[in-house]
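Values reported hereafter were calculated over all heavy atoms of this structure, with side chains retained and with hydrogens, waters and symmetry mates removed. Below, read A as the first sequence line, B as the second, and so on, with proteins coming before strands; counting in each chain starts at 1.
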Protein chains: 2
Amino acid sequence: MDNELKPMDAEQLRERAHKMVDFIADYYKNIEDFPVLSQVEPGYLRNLLPESAPHNPESLQSVLDDVQKKIFPGVTHWQSPNYFAYYPSNSSIAGFLGEMLSAAFNVIGFSWVTSPAATELEMIVLDWLAKLLKLPDDFLSSGKGGGVIQGTASEAVLVVLLAARDRALRRFGKDYLKKLVVYASDQTHSALQKACQIGGIHPENCRWLKADISTNYALSPNVLSEELSRDTARGLIPFFLCATVGTTSSTAVDPLPELGSIAKRHEMWFHVDAAYAGSACVCPEYRQYIDGVEEADSFNMNLHKWFLTNFDCSVLWVKDRHALIRSLSTNPEYLKNKASEAELVVDYKDWQIPLGRRFRSLKVWLVLRLYGTENLQKYIRNHIRLAERFEALVREDPRFEVLSGKYILRFAVGAPLTEEKHINSAWKLLQDAASTLLAI
Amino acid sequence: MDNELKPMDAEQLRERAHKMVDFIADYYKNIEDFPVLSQVEPGYLRNLLPESAPHNPESLQSVLDDVQKKIFPGVTHWQSPNYFAYYPSNSSIAGFLGEMLSAAFNVIGFSWVTSPAATELEMIVLDWLAKLLKLPDDFLSSGKGGGVIQGTASEAVLVVLLAARDRALRRFGKDYLKKLVVYASDQTHSALQKACQIGGIHPENCRWLKADISTNYALSPNVLSEELSRDTARGLIPFFLCATVGTTSSTAVDPLPELGSIAKRHEMWFHVDAAYAGSACVCPEYRQYIDGVEEADSFNMNLHKWFLTNFDCSVLWVKDRHALIRSLSTNPEYLKNKASEAELVVDYKDWQIPLGRRFRSLKVWLVLRLYGTENLQKYIRNHIRLAERFEALVREDPRFEVLSGKYILRFAVGAPLTEEKHINSAWKLLQDAASTLLAI
């Protein structure tokens, strides 16, 4: 082989990766200089790059120059302290170091044997987190349940929906698919609708129940009960209820205890989606928002939103791991091995959609160890304080009103670099816009 | 906020990431010193780590010490030059740098507007690759088709199966789900079976057609045709055919041209899974193995297997992107934006299972640019030469036989660091084992 290409030469890696570290550190140093939202027009990049891949190797410097000149303008800077869109998507030094380590091992941890540490560290850090969140013991790996890292909340809700669907079909017979009904408020994330499309739940059996200002956009147990009565009277089969703690549009919190007991009465799978707000529950004073999680069959939150863990890292706990495994396992000859056959180990391939999986627990472990739980709580509290500061600014100006209504300005605080000055200048911007509008 | 926690301080990031680079470079320097397969017992890690997350922050050094002492023993070293299991899972310096950059931006590129460069670079590098593989123009983004990076081949086959399912159900009516039939050889990767489970295809409608030594484990068009006749006579609806180029067990190659024309005749979706072997087709002399891909509706290969791109990076091309989008799109209020509404852009969220997605095209771009296509071809050729060297060694020893039969030793060459000496010593090991066995 041509000796020029040494794709994993340790010293070449050292030299080039050091260069990349400096490039990245400089990016963070100057991140506030960029407009948060990319200003390019659709198709901007096509003309800046060649029509085909280069025949000969190029230098790292020329690639980095292109990143600066051609890629940066097309980036929406989610890590900017002035980013208040969608939801936070936290990067952190610890999370970043975890990504580096995981990319370095580059193991494909589908079964325990393919890298025991990948599976075992995941079980351990998810137990740590479950304890930090004071989740019921049923979610710990020592019992019949356990936690698993999914890529996204979309995958988390999909896998539990499939487990619930198949449990119901085993009970009633597979021709009953068209009778299965899903319940959630109309504030629920579209990931649930997508999961239903994928799992073949009939669209007319998806109950997106109206939630309005009268309940602060939370799902009303009465509305749910009425709908359930109608459906069961018609011979339909309720099988899945999704509650949200912190909806996407207005961070509404569904009443878990009441919904949980309704779910139990109807033998529905009860899933709690706390993708965005769940992180706050590591603080004792906010833990109340998931009171009632004891009744849930599954619970999900995204560490990549507000817990300083780089994307992707969505953590899911279930009480009955065998329900997941029954839906998602396959057992081909070429994946068989002694440890799995003896049922001594967890094979996470059977808890998720893909076969392959990265060593994602490393970044969670690094975040927890390098920051410690006390600092993580302080981090959450600081963002809440900043959001309160913004609320106070809004209230001081009679032209604005704080509400969770139909036409609103959504302001999501939670970027790692955000300080009070960024809140103040965002508010200044909004005030200036209001002044301009009202002067017209 | 406590000033101690600076989760994205540029200088702290610089210092710690440099330290991590050296740790990783040292790992690669010494990678041959580790046993390839982890030697730990199930549950080994539980006793080595505390019962809960630390309250106070710990130093990076203490974490790295733990990685060395507690994690390394539990790692199966997929990047070792002595790794010949499953399939190659290539890391490379370029791929690693791409992972770093992507983790640094930490953008969530679900829609074009969330980072235009993430979407546009993906379209461009997938067009580059399509040209390199001489895929038909229908797969280029300029027409009705296009490419997309999925996490894994499992997700790739799932999304096209769903598109095909929904296309058939739109045509026949949604009550026809139980009549839909999938066809593939019994050598097909279990990902297809899993996709069928997820998509609600009835298990008795999955035809895993017997492929044996008479066709070198390729799917026989005659066997397929007979099965199709039987099924259509019974009123069933054939809707999906999956062919494999390089099966997992024996790298068998299904006859694409014949299968493609059968698929067309029966109006089935024709998917070609070249997850493992596809990379070889960038060399003109191996391109013949995907002759017939012109007939395919979709084509998939894993750059994270044998193309020096860190996991995860599975590339999928489709001829009709709207078939995917119809199955996988949702359009909630909070994701609406001008560019999407005007249909000026691609929103990859509608081509995949999850909503969120990483900026994965960066690593593909870096691999192509830092190595160049000529070197990548040489890289593939070298592995094939090494595999031939191994075959020659086996043939020289009368106690072994080269075959693709029932009880075999599978030897997968393709780790980035593998040289001839590693092939030789692996062979020595096998010979010694044979000697011991035959002496009993």
Enquirer: Please classify the contact between A/Glu374 and chain B as side chain, backbone, both or neither, with a heavy-atom cut-off of under 4.5 Å.
Expert: both

Enquirer: So how far is it from B/Leu97 CG to A/Phe23 CZ, rounded to the nearest 0.5 Å?
Expert: 11.5 Å

Enquirer: Under 4.5 Å heavy-atom distance to chain A, tell me which part of B/Val113 shows up: side chain, backbone, both or neither.
Expert: both

Enquirer: Where is the tightest heavy-atom contact between B/Trp365 and A/Val63, given as atom of each residue plus distance?
Expert: CZ3-CG1, 4.2 Å

Enquirer: Do A/Arg14 and B/Lys29 come close enough that some side-chain heavy atom pair is under 4.5 Å?
Expert: yes

Enquirer: Are the side chains of B/Leu370 and A/Pro57 in touch, meaning some heavy atoms are under 4.5 Å apart?
Expert: no

Enquirer: Of the backbone (N, CA, C, O) and the side chain (C-beta and beyond), which part of A/Ile31 lies under 4.5 Å from a heavy atom of chain B, both, or neither?
Expert: neither

Enquirer: So for B/Val75, is it side chain, backbone, both, or neither that comes closer than 4.5 Å to the heavy atoms of chain A?
Expert: both

Enquirer: Do the side chains of A/Asp127 and B/Arg46 get close enough for a salt bridge, i.e. N-O under 4.0 angstrom?
Expert: yes

Enquirer: Atom CG in B/Leu121, atom CG in A/Leu45: separation rounded to 0.5 Å?
Expert: 6.0 Å

Enquirer: Which heavy-atom pair separates B/Ile108 from A/Ser89 by the least distance, and what is that distance?
Expert: CD1-OG, 3.3 Å

Enquirer: Can you tell me which portion of B/Pro73 sits under 4.5 Å from chain A's heavy atoms? Options are side chain, backbone, both or neither.
Expert: neither

Enquirer: Report which part of B/Leu132 has an atom under 4.5 Å of a heavy atom belonging to chain A: side chain, backbone, both, or neither.
Expert: neither

Enquirer: Do you know which two heavy atoms are closest between A/Ala117 and B/Tyr44, and how far apart they sit?
Expert: CB-OH, 3.3 Å

Enquirer: What part of A/Val107 is in contact with chain B, defined as an atom under 4.5 angstrom from a non-hydrogen atom: side chain, backbone, both or neither?
Expert: both

Enquirer: Considering only heavy atoms, which portion of A/Thr76 lies under 4.5 Å from any heavy atom of chain B: side chain, backbone, both, or neither?
Expert: both

Enquirer: Would the number of heavy atoms belonging to other residues, nucleotides or ligands and lying under 6.0 Å from NZ of B/Lys178 be above 12?
Expert: no

Enquirer: Can you tell which part of B/Lys194 gets under 4.5 Å to a heavy atom of chain A, answering side chain, backbone, both or neither?
Expert: both

Enquirer: How far apart are the closest heavy atoms of B/Glu41 and A/Glu120, and which atoms are they?
Expert: O-OE2, 4.0 Å

Enquirer: Given that the side chain runs from C-beta out, which part of A/Ser314 has a heavy atom under 4.5 Å from chain B: side chain, backbone, both or neither?
Expert: neither

Enquirer: State, without any angle test, whether A/Asp22 and B/His18 hold a side-chain donor-acceptor pair at a distance under 3.5 Å.
Expert: yes

Enquirer: Is it the backbone or the side chain of B/Glu155 that comes under 4.5 Å from a heavy atom of chain A, or both, or neither?
Expert: side chain

Enquirer: Heavy-atom distances under 4.5 Å only: say whether B/Ser154 touches chain A with side chain, backbone, both or neither.
Expert: side chain

Enquirer: Any non-hydrogen side-chain atom of A/Leu308 less than 4.5 Å from a side-chain atom of B/Leu5?
Expert: yes

Enquirer: Of the backbone (N, CA, C, O) and the side chain (C-beta and beyond), which part of B/Asp175 lies under 4.5 Å from a heavy atom of chain A, both, or neither?
Expert: side chain

Enquirer: What part of B/Ser102 lies closer than 4.5 angstrom to a heavy atom of chain A: side chain, backbone, both or neither?
Expert: neither

Enquirer: Any non-hydrogen side-chain atom of B/Trp128 less than 4.5 Å from a side-chain atom of A/Pro50?
Expert: yes

Enquirer: Can B/Arg357 and A/Asp312 be counted as an ion pair, charged N to O under 4.0 angstrom?
Expert: no

Enquirer: So what's closer than 4.5 Å to chain A heavy atoms on B/Ile353: side chain, backbone, both or neither?
Expert: both

Enquirer: Write out all pairs satisfying salt bridge (charged side-chain N to carboxylate O under 4.0 Å, His left out) with one or both partners inside residues 50-59 of chain B, taking only residues at least two apart or from two chains.
Expert: A/Arg369-B/Glu58

Enquirer: Using non-hydrogen atoms and a 4.5 Å limit, figure out which bit of B/Leu417 sits close to chain A: side chain, backbone, both or neither.
Expert: side chain

Enquirer: What is the ring orientation for B/His189 with A/Tyr334, classed by angle as parallel under 30°, tilted 30 to 60°, or perpendicular over 60°?
Expert: tilted

Enquirer: In terms of heavy-atom pairs under 4.5 Å, which option from B/Leu362, B/Thr119, B/Ile24 contacts chain A the most?
Expert: B/Ile24

Enquirer: Within the side chain of A/Tyr27, is there an N or O that forms a donor-acceptor pair under 3.5 Å with the backbone of B/Ala10?
Expert: no

Enquirer: Between A/Phe96 and chain B, with a heavy-atom cut-off of 4.5 Å, which part of the residue counts as in contact: side chain, backbone, both or neither?
Expert: side chain

Enquirer: Are A/Ile93 and B/Leu13 packed together at the side-chain level, in the sense that at least one heavy-atom pair is separated by less than 4.5 angstrom?
Expert: yes

Enquirer: Give, as side chain, backbone, both or neither, the part of B/Leu368 having an atom under 4.5 angstrom from any heavy atom of chain A.
Expert: both

Enquirer: At a 4.5 Å cut-off on heavy atoms, which part of A/Thr248 comes close to chain B: side chain, backbone, both, or neither?
Expert: side chain

Enquirer: Name the region of A/Ser59, side chain, backbone, both or neither, that has any atom closer than 4.5 Å to a heavy atom of chain B.
Expert: backbone

Enquirer: Would B/Phe359 and A/Phe311 count as a close aromatic pair, with their ring centres under 6.0 Å?
Expert: no

Enquirer: Specify the closest pair of heavy atoms between A/Leu355 and B/Thr152, including all atoms of both residues, with the distance to one decimal.
Expert: N-OG1, 4.4 Å

Enquirer: Find out whether B/Leu328 and A/Ile198 are in side-chain contact, i.e. whether some heavy atom of one side chain is under 4.5 Å from a heavy atom of the other.
Expert: yes

Enquirer: Do A/Gln197 and B/Thr330 touch side chain to side chain, with heavy atoms closer than 4.5 Å?
Expert: yes

Enquirer: Measure distances from A/Leu386 to the heavy atoms of chain B and classify the residue's part below 4.5 Å as side chain, backbone, both or neither.
Expert: neither

Enquirer: Check each atom of B/Leu169 against the heavy atoms of chain A and say whether the ones under 4.5 Å are side chain, backbone, both or neither.
Expert: neither

Enquirer: Please report the shortest heavy-atom distance between B/Thr114 and A/Trp78, naming the atom on each side.
Expert: O-NE1, 2.9 Å

Enquirer: Checking the side chain of A/Asn106 only, and the main-chain atoms of B/Asn310 only, is there a donor and an acceptor separated by less than 3.5 Å?
Expert: no

Enquirer: Pick one of side chain, backbone, both or neither for B/Ala191, based on which atoms fall under 4.5 Å of a heavy atom in chain A.
Expert: neither

Enquirer: Answer yes or no: is there a side-chain heavy-atom contact under 4.5 Å between A/Val40 and B/Trp112?
Expert: yes

Enquirer: Determine, stepwise, if the pair A/Glu333 / B/Ser249 fulfils side-chain contact (heavy atoms from CB on, under 4.5 Å).
Expert: CA-CA 9 Å; A/Glu333 187 61 35; B/Ser249 295; 5.9 Å; no

